[in-house]
Participant: 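Pasting a structure here, questions to come.
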Amino acid sequence: MSQYVLIKKLNVQNANAIAGLTYGFPAITNFLGFVHALSRKLPASLNVNLGGVAVISHKNQVHARQPKGWGDYVFALTRNPLTHQGKTAPINEEARMNMQISLLVELKGLVAGDTLTETDLKAHLKRLIPTLRLAGGQILGFEACELLNTEEQQAYALRRLMPGFVLMDRHEYLAAHFEQLKAEQDDVCLFDAWCDFATLIYRANPNEDQQTEDNIETEQAIVKANWEYEPKPNAGYLVPIATGFCAISPLYEAGEVANVRDNTVPVAFAETAYSVGEWQSVHRLHEIEITLWRYTDNHPWYIATTNEFIQPIIEPDFIDSEAVFKPDNF
């Protein structure tokens, strides 16, 4: 039976609110990286490790404002100290946010009934969590850190996480919508399909009962129309998300590329990969397993998902399939 760690109502300030082309919530890779770093810091004597993670959002506030009181929002940036010449220091625009979230983390290696290890594990987690950063933000505190070992505890924990919204993977919606667009248009690309989940579209539909005068050309005629909202490709609280990485270069041997973080392992350059997610109310969940985000390695893609890919991912032509980095070999 699966076991989980519940980190309830984790308060984070100044977290990164931009993820590639998206903004409003950190990329799911930030939470997987946080759990991975937390797992690596646990003592080896515990003989446990942390796996997938489910993200539940309770509150979030992007640091943004309307300069004129109406119109477009802009990010509220920090005021940096002046330079030695007394001039305003140049800055890079950064989006920050405060958020309150809960994390359900998959726990592996814990023997049922080992109360001594459970006590030590909770003590180490409570000590380590405040020392880490999450999505670049500072952890101010959390309400509780608990172990969920039984189905009764897990079901009760889900009820206690309300009100809240859990982030689900909906890459299959994007794949199905792309196939539909290709059947209708020849020059459509995957980016067009992805934008349909993010853009707000209104379409003008001419009135059917209106007739154009015979002496007026169709191009010059004034036709009355009704503006109607164009629904999203699928129902639900769907959002564009950054969900992983895609290698854009061949795999270079260790030490071949200068100024990398770790010159003892092979290196490949990568770009952000995008998908579609859905915020779903916690009360609709019946089990934790379907909400867990895990990495899927399908070179050149390194994607986080909550379920298996329905369709195979097409590899770029410039990637040599033989030069694949195998993490298990190092």
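Hydrogens, waters and symmetry mates are skipped; everything else that's a heavy atom, side chains included, is used.
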Participant: Is there side-chain contact between Leu161 and His58, with at least one heavy-atom pair below 4.5 Å?
Facilitator: yes

Participant: Check ring pair (Phe, Tyr, Trp, His ring centres under 6.0 Å) between Tyr173 and all other residues, then give those that pass, not counting sequence neighbours.
Facilitator: none

Participant: Mind checking ring pair (Phe, Tyr, Trp, His ring centres under 6.0 Å) for Tyr252 and listing every partner two or more places apart, or none if nothing turns up?
Facilitator: none

Participant: Strictly below 4.0 Å, N to O, side chains only: are Glu146 and Arg160 in salt-bridge contact?
Facilitator: yes

Participant: So Asp297 and Tyr302, do their side chains get closer than 4.5 Å, heavy atoms only?
Facilitator: yes

Participant: In chain order, what residues pass the salt bridge (Lys or Arg N to Asp or Glu O under 4.0 Å) check against Glu287, with sequence neighbours excluded?
Facilitator: none

Participant: What donor-acceptor contacts under 3.5 angstrom involve side-chain atoms of residues 186-197, with partners at least two apart or in another chain?
Facilitator:
residue: Asp192; atom: OD2; partner: Cys189; partner atom: N; Å: 3.2
residue: Trp194; atom: NE1; partner: Ser275; partner atom: O; Å: 2.8
residue: Asp196; atom: OD2; partner: His177; partner atom: NE2; Å: 2.8

Participant: According to the salt bridge (charged side-chain N to carboxylate O under 4.0 Å, His left out) rule, which pairs have a member within residues 272-286, sequence neighbours left out?
Facilitator: Arg170-Glu278

Participant: For Asp262, check side chain to side chain donor-acceptor pair (under 3.5 Å) against everything at least two apart and list the hits.
Facilitator: Thr264

Participant: Among side-chain atoms of Asn98 and Gln13, is any donor-acceptor pair under 3.5 angstrom?
Facilitator: no

Participant: Taking side-chain contact (heavy atoms from CB on, under 4.5 Å) as the test, write out the residues that go with Glu184, two or more places apart.
Facilitator: Gln180, Leu181

Participant: Which pairs with one or both residues in residues 48-57 pass side chain to side chain donor-acceptor pair (under 3.5 Å), sequence neighbours excluded?
Facilitator: Ser57-Asn60

Participant: Scan residues 111-132 for pairs that pass salt bridge (charged side-chain N to carboxylate O under 4.0 Å, His left out), counting only residues two or more places apart or in two chains.
Facilitator: none

Participant: I'd like to know if the side chain of Thr306 and the backbone of Trp293 have a donor-acceptor N/O pair within less than 3.5 Å.
Facilitator: no

Participant: When clusters are formed from ILVMFWY side-chain contacts under 4.5 Å, directly or step by step, what else is grouped with Trp227?
Facilitator: Leu200, Tyr202, Tyr229

Participant: Show me the donor-acceptor pairs within less than 3.5 Å that the side chains of residues 23-46 make with the rest of the protein, sequence neighbours left out.
Facilitator:
residue: Asn30; atom: ND2; partner: Ala27; partner atom: O; Å: 3.1
residue: Ser39; atom: OG; partner: Leu50; partner atom: N; Å: 3.1

Participant: Strictly below 4.0 Å, N to O, side chains only: are Glu289 and Arg294 in salt-bridge contact?
Facilitator: yes

Participant: List the residues meeting side chain to side chain donor-acceptor pair (under 3.5 Å) with Lys232, not counting sequence neighbours, and say none if there are none.
Facilitator: none

